[in-house]
There are 2 protein chains.
Amino acid sequence: MKAASETENSKIEPTKSELEILQVLWEYGPSSVRFVNDKLNERREINYTSTLKLMQIMAEKKILKRDESAVKHIYHVTENEEKTKHHLLKKFVDAMYNGSASKLVVQLLGNGSTTKEDVEEIRNLLNKINEE
Amino acid sequence: MKAASETENSKIEPTKSELEILQVLWEYGPSSVRFVNDKLNERREINYTSTLKLMQIMAEKKILKRDESAVKHIYHVTENEEKTKHHLLKKFVDAMYNGSASKLVVQLLGNGSTTKEDVEEIRNLLNKINEE
DNA sequence: TGTTTCGTACGAAAAAATTCCTACATTAGA
DNA sequence: TCTAATGTAGGAATTTTTTCGTACGAAACA
């Protein structure tokens with residue numbers, strides 16, 4: 001029974017910069033600091049040691065775990081991506097739409113931020129759910 | 001032509017605490033500091049002058065505007081609620097789902113965070129869109 | 001009218017988050 | 001082997017955000 005530790009971990013609340021790093025790791029999988037820093041620098045200027053420090057802190061907080069077997073440490077995200085995203089999404093829905101998912105979708109569909117493809121995909125998804 | 005000032009304003013990026021205040025103002029409309037502070041204190045302890053300061057700062061940043069005609073100042077949100085929420089939602093989708101709205105909906109529907117009613121409402125919404 | 005309550009203004013302290021400097025070890029290449 | 005490049009560690013400086021203390025004016029009211 002490891003329910004306790006799981007609920008503890010799911011309380012991840014990454015800061016803005018931490019989220020940037022998570023995004024890289026989610027997209028590219030376990031990476032070195034160098035790699036992450038390069039990716040970040042595609043978007044904005046940030047010193048190597050800053051990224052290092054940040055990732056070290058995230059490792060302390062158990063958001064990341066690192067493989068120290070090689071000199072060049074490799075970091076990976078501890079928590080399951082979907083789980084974390086779901087958690088953050090829920091927080092967002094609670095804060096912005098009083099917990100109402102449909103309100104969010106209304107907003108999503110209601111103004112230009114969705115493409116026709118998006119709408120189609122969502123419709124298909126709903127149909128699938130219906131069949132169950 | 002006031003397009004310029006409008007786009008400027010839409011770059012609102014409220015901090016965590018600022019968002020708490022926005023939530024109160026969105027829900028209850030223009031309010032005094034006292035009222036907002038009371039609402040906040042239903043959730044967590046926060047000193048009156050802290051809330052005051054925060055709202056003053058938000059007024060400086062033009063997130064809020066205040067009516068000083070009475071001694072007790074009344075604050076209201078400058079920017080349209082929907083517009084701001086849309087902006088924040090877009091940022092969220094970009095950061096978390098690479099800009100893909102349908103991915104977000106997948107997640108929303110994919111795990112217990114939606115009720116049957118939510119799903120129904122979303123379906124109706126889609127049907128409406130279809131008819132157009 | 002005197003006192004208490006409630007309001008704003010302002011500045012500073014505290015806390016949180018971000019950034020980077022410096023030191024030193026290891027590795028790669030000339 | 002010497003040098004340059006690349007890596008981590010750790011602390012400190014900086015910036016941003018949050019919190020609150022103090023001062024003081026206006027209003028309520030006994």
Side-chain angles (χ1 to χ4, degrees), chain A residues 11-25 28 30-78 84 88 91-92 95, chain B residues 11-25 28 30-78 84 88 91-92 95:
Chain A
K11 286 188 185 172
I12 288 173
E13 300 213 3
T15 66
K16 235 178 181 173
S17 315
E18 287 175 348
L19 194 56
E20 284 185 316
I21 289 173
L22 285 180
Q23 284 168 50
V24 174
L25 293 176
Y28 298 97
S31 313
S32 66
V33 175
R34 173 65 57 192
F35 180 85
V36 172
N37 185 246
D38 286 349
K39 285 298 165 192
L40 293 186
N41 271 279
E42 289 174 8
R43 313 186 111 267
R44 69 188 178 100
E45 199 174 316
I46 169 103
N47 191 296
Y48 175 85
T49 55
S50 302
T51 304
L52 171 66
K53 182 63 158 194
L54 218 24
M55 291 175 74
Q56 284 172 339
I57 290 173
M58 291 171 79
E60 270 177 34
K61 290 193 196 170
K62 314 276 183 166
I63 297 178
L64 304 183
K65 201 163 186 315
R66 71 178 174 185
D67 176 358
E68 308 179 8
S69 62
V71 177
K72 197 177 209 167
H73 298 172
I74 300 296
Y75 291 75
H76 68 269
V77 184
T78 312
T84 301
L88 295 175
K91 268 191 40 188
F92 188 81
Chain B
K11 285 188 187 173
I12 288 173
E13 300 213 2
T15 66
K16 235 176 179 175
S17 315
E18 287 175 349
L19 194 55
E20 284 184 316
I21 288 174
L22 285 180
Q23 284 168 49
V24 174
L25 293 175
Y28 298 97
S31 312
S32 66
V33 175
R34 174 64 57 193
F35 180 83
V36 172
N37 185 246
D38 286 348
K39 285 298 166 191
L40 293 187
N41 272 279
E42 289 174 9
R43 313 185 111 267
R44 68 187 179 100
E45 199 173 315
I46 169 102
N47 191 296
Y48 175 85
T49 56
S50 302
T51 304
L52 170 65
K53 181 65 160 192
L54 218 24
M55 291 175 74
Q56 285 172 339
I57 291 173
M58 291 172 79
E60 270 177 34
K61 292 192 197 171
K62 315 274 184 169
I63 297 178
L64 303 184
K65 200 164 188 313
R66 70 177 174 186
D67 175 358
E68 309 180 7
S69 63
V71 179
K72 196 178 211 167
H73 299 172
I74 299 296
Y75 291 74
H76 68 268
V77 183
T78 312
T84 301
L88 295 176
K91 267 191 38 185
F92 188 81

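Letters A, B, ... mirror the listed sequences (proteins, then strands); counts begin at 1.
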Would you please confirm or rule out a distance under 4.0 Å between OP1 or OP2 of [N] and any side-chain N or O of [X]?
X: Tyr48(B); N: dT19(D); answer: no
X: Lys53(B); N: dT19(D); answer: no
X: Ser50(A); N: dT18(C); answer: no
X: Thr15(A); N: dT18(C); answer: yes
X: Arg44(B); N: dT18(D); answer: no
X: Gln56(B); N: dT8(C); answer: no
X: Ser17(A); N: dT18(C); answer: yes
X: Arg34(B); N: dC6(C); answer: no
X: Arg66(B); N: dA9(C); answer: yes

- request: Between dA9(D), dG7(D), dG21(D), spot the one nearest the side chain of Asn47(B), thanks.
  value: dG21(D)
message: Can you classify the ring geometry of Phe35(A) versus Tyr28(A) as parallel (below 30°), tilted (30 to 60°) or perpendicular (above 60°)?
response: perpendicular
Round to the nearest Å and state the distance from [X] atom [atom1] to [N] atom [atom2].
X: Met58(A); N: dA17(C); atom1: CE; atom2: P; answer: 12 Å
X: Glu68(A); N: dA9(D); atom1: CD; atom2: C1'; answer: 12 Å
X: Asp67(B); N: dG7(C); atom1: CG; atom2: P; answer: 15 Å
X: Lys16(A); N: dA16(C); atom1: NZ; atom2: P; answer: 18 Å
X: Leu52(A); N: dC21(C); atom1: CG; atom2: P; answer: 14 Å
X: Glu45(B); N: dT18(D); atom1: CD; atom2: P; answer: 17 Å

- prompt: NA contact type, Ile46(B), heavy-atom cut-off 4.0 Å: base, sugar-phosphate, or nothing?
  reply: sugar-phosphate
field: Pair Glu20(A) + Arg43(A): basic N to acidic O under 4.0 Å
entry: no
- request: Specify the residue among Glu18(A) and Thr49(A) whose closest nucleotide of DNA chain C lies further upstream toward the 5′ end.
  value: Glu18(A)
query: On DNA chain C, nearest-nucleotide positions of Val71(A) versus Glu13(A): which is more 5'?
result: Glu13(A)
Criterion side-chain contact (heavy atoms from CB on, under 4.5 Å) against Val36(A), the qualifying member of Leu54(A), Ile46(A), Asn41(A), Leu25(A): Leu25(A)
message: Quick check for you: to the nearest 0.5 Å, what is the distance between Asp67(A) atom CG and Ser32(A) atom OG?
response: 12.0 Å
- prompt: Got a sec: does the CD of Glu68(A) have more than 12 other heavy atoms crowding it under 6.0 Å?
  reply: yes
